[in-house]
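Note that this is a predicted model, so its numbers are computed, not measured.
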Amino acid sequence: MFNIELLSKKRREIMGVAIIYVIIFHCYGRLSADIGIPLLTPILQNGNIGVEIFLFLSGIGLYFSMSKDESILPFYSRRITRVVVPWLIMSFPYWVLKSLIVDKDSIGGFLMHWSGLSFWVDGITTVWYVAFIILLYFAYPFIFRLQKKNDYFVILTAAVVVVLNTILFCVNADYYSKIEIALTRIPVFLLGSYMGSVLKKKNWNSKKQAVSIVYIVLMLVLFFIGKYASSLSEEMSVLFIRYGEQSVAFLIIICSCLIFNKLTVKPIVSVFTFMGGITLEAYLLHVFMLNVVSRTGIVENSGYLVVFGVKTAVIAVSVFSAWAFSAIYTKFLNRNKKIA
């Protein structure tokens, strides 16, 4: 039986796996597809599965957080301090440059982008994940209270979300296509919250394990149907793939837990631990830098080595900047706590 306590013990390392996978996907996914590298290309092409990993682990983390203190205002305060404020600070220069200076948007347009509302209104996916996770943070205290009454309510909620996704897809396919990247990921977050309860209560038994295996297999089948069934429409393929990606994420999480539990090479573990501590900063800054580089046209019509070199430089600069921002911001928070 898989030791699920590894999910909490190795959470930071797995978060490191997820952010590295997402960054590599964004930076090298298209390049690997153009070159056509056997085995590596399909792995990189599915790097967005790192999002499922993030959401599942976030669900676990939020359950533990609310279990320690069920007060809503302190919960919101922590999320605002740790996520919303850093997001607004890091996003501000980018949106000033892109929205106000380059695109000549109005102040209203700038505020829509900066606040993340442009994703929900117009489907602007630049940093859609943060706009999405903040909404989940806002809703989570209510999800937790529902789950506290009965753990299976959160599973039922996940099923209802799938139904609502299908209804919205049928009613307004155009709008749904703009935001499905977020809505189809809600169930995996809710499953993470359920797993948080299982971990907290230590009631992982053979029945739950069997159900989990069946679920992973079914989602894996859905994933491959979405990928390779030519009879499906493009929209349905995307829907199947999105839900099916949960299974691949679960398998990556399980394998990562087992590897990190056995891995004794500290420098390697330290890399993943380090990256797991700056996920928000690294996500935002590498996306912004990639977009700026793309807009300058530096890599347009350039050879593979030039593209690889430029995007590797983007990774290096964004990771260093993420570390620097995190260190300065944490120091600022700690100083204010001492003063208070």
Side-chain angles (χ1 to χ4, degrees), residues 10-29 47 50-51 53-54 57-58 61 65 77-102 110 113-116 125-134 137 260 265-296 298-299 307-340:
K10 304 299 178 182
R11 182 176 179 271
R12 186 156 176 169
E13 290 92 331
I14 303 169
M15 293 287 275
V17 170
I19 189 60
I20 290 171
Y21 199 12
V22 168
I23 289 174
I24 290 175
F25 164 64
H26 285 159
C27 291
Y28 301 133
V51 172
I53 298 174
F54 279 134
L57 295 178
S58 293
S65 179
S77 178
R78 289 192 297 272
R79 265 66 220 172
I80 291 171
T81 301
R82 296 175 186 175
V83 179
V84 177
V85 173
W87 171 46
L88 293 176
I89 293 172
M90 286 184 283
S91 298
F92 185 77
Y94 175 78
W95 288 118
V96 167
L97 176 64
K98 184 183 185 302
S99 184
L100 294 180
I101 298 175
V102 177
F110 161 75
H113 291 311
W114 189 36
S115 66
T125 59
T126 306
V127 285
W128 69 271
Y129 176 77
V130 186
F132 173 51
I133 198 69
I134 287 174
Y137 287 160
F260 285 120
V265 185
K266 290 185 178 180
I268 296 177
V269 176
S270 296
V271 169
F272 290 97
T273 304
F274 167 74
M275 291 300 296
I278 57 169
T279 53
L280 174 68
E281 296 87 351
Y283 166 73
L284 287 170
L285 293 177
H286 94 274
V287 168
F288 292 150
M289 290 183 187
L290 270 181
N291 285 357
V292 170
V293 167
S294 176
R295 195 69 177 253
T296 61
I298 294 174
V299 295
V307 175
F308 178 81
V310 170
K311 293 194 173 182
T312 301
V314 166
I315 293 175
V317 173
S318 61
V319 169
F320 175 79
S321 302
W323 167 78
F325 179 89
S326 177
I328 294 169
Y329 186 70
T330 300
K331 188 174 181 179
F332 171 77
L333 290 181
N334 290 338
R335 181 183 295 178
N336 282 355
K337 284 182 181 178
K338 290 180 182 179
I339 294 174

**Q.** Other residues, nucleotides, ligands: >12 heavy atoms within 6.0 Å of Trp323 CH2
**A.** no
**Q.** 4.5 Å side-chain heavy-atom contact, Ile328 and Phe332
**A.** no
Q: Check whether any side-chain heavy atom of Lys311 lies under 4.5 Å from a side-chain heavy atom of Val293, and answer yes or no.
A: no
(Q) Just verifying a value: how many Å separate Arg12 CZ and Thr273 OG1, rounded to the nearest 0.5 Å? (A) 7.0 Å
**Q.** Nearest atoms (heavy-atom pairs only) where Ser58 meets Arg11
**A.** CA-NH2, 4.1 Å
List, one per line, each side-chain donor-acceptor pair under 3.5 Å for residues 84-94, sequence neighbours excluded.
from, atom 1, to, atom 2, distance (Å)
Trp87, NE1, Ser91, OG, 3.2
Ser91, OG, Trp87, O, 2.7
Tyr94, OH, Asn291, ND2, 3.1

Q: Evaluate side-chain contact (heavy atoms from CB on, under 4.5 Å) for Arg295 paired with Lys98, printing each intermediate quantity in order.
A: CA-CA 10 Å; Arg295 195 69 177 253; Lys98 184 183 185 302; 3.9 Å; yes
(Q) Can a donor-acceptor pair be found, under 3.5 Å and without considering hydrogens, that links the side chain of Ser318 to the backbone of Ile315? (A) yes
Q: Write out all pairs satisfying salt bridge (charged side-chain N to carboxylate O under 4.0 Å, His left out) with one or both partners inside residues 268-290, taking only residues at least two apart or from two chains.
A: none
Q. Do the non-hydrogen side-chain atoms of Val127 and Phe288 ever get within less than 4.5 Å of each other?
A. yes
Q: Work out which heavy atom in Met289 is nearest to a heavy atom in Ser321; give both atom names and the distance.
A: CE-OG, 3.7 Å
Q) Phe54 and Ile19: side-chain contact (heavy atoms from CB on, under 4.5 Å), yes or no, with the steps? A) CA-CA 8 Å; Phe54 279 134; Ile19 189 60; 3.6 Å; yes
Q. For Arg79 and Ile134, what are the C-alpha separation, side-chain angles and deciding distance, and is it a side-chain contact (heavy atoms from CB on, under 4.5 Å)?
A. CA-CA 8 Å; Arg79 265 66 220 172; Ile134 287 174; over 6 Å; no
Q. Does the Ser294 side chain pair with the main chain of Leu290, one donor and one acceptor, at a distance under 3.5 Å?
A. no
Q) To the nearest 0.5 Å, how far apart are CZ in Arg335 and OG1 in Thr330? A) 12.5 Å
**Q.** Side-chain donor/acceptor of Ser326 to backbone N/O of Ala322, under 3.5 Å
**A.** no
(Q) Ignoring hydrogens, what is the shortest heavy-atom contact between Gly50 and Ala18? Give both atom names and the distance. (A) O-CB, 3.7 Å
Q) Got a second to check how far Ile14's CD1 is from Ile53's CD1, nearest 0.5 Å? A) 8.0 Å
Q) Any side-chain heavy-atom pair from Ile278 and Tyr283 closer than 4.5 angstrom? A) no
Donor-acceptor pairs are to be reported for all side-chain atoms of residues 20-28 against protein atoms at under 3.5 Å, with residues two or more places apart or in another chain.
from, atom 1, to, atom 2, distance (Å)
Tyr21, OH, Ile43, O, 2.6
His26, ND1, His286, NE2, 2.7
Tyr28, OH, Thr312, OG1, 2.6

**Q.** Flag side-chain contact, heavy atom, 4.5 Å: Ile80 against Tyr137
**A.** no
Q | Separation of Glu13 CD from Phe260 CZ (nearest 0.5 Å) | A | 6.0 Å
Q | Reported CZ-to-CG distance for the pair Phe110 and Leu97, which is rounded to 0.5 angstrom | A | 11.0 Å
Q: Test side-chain contact (heavy atoms from CB on, under 4.5 Å) on Val96 and Trp114 and set out the steps.
A: CA-CA 9 Å; Val96 167; Trp114 189 36; over 6 Å; no
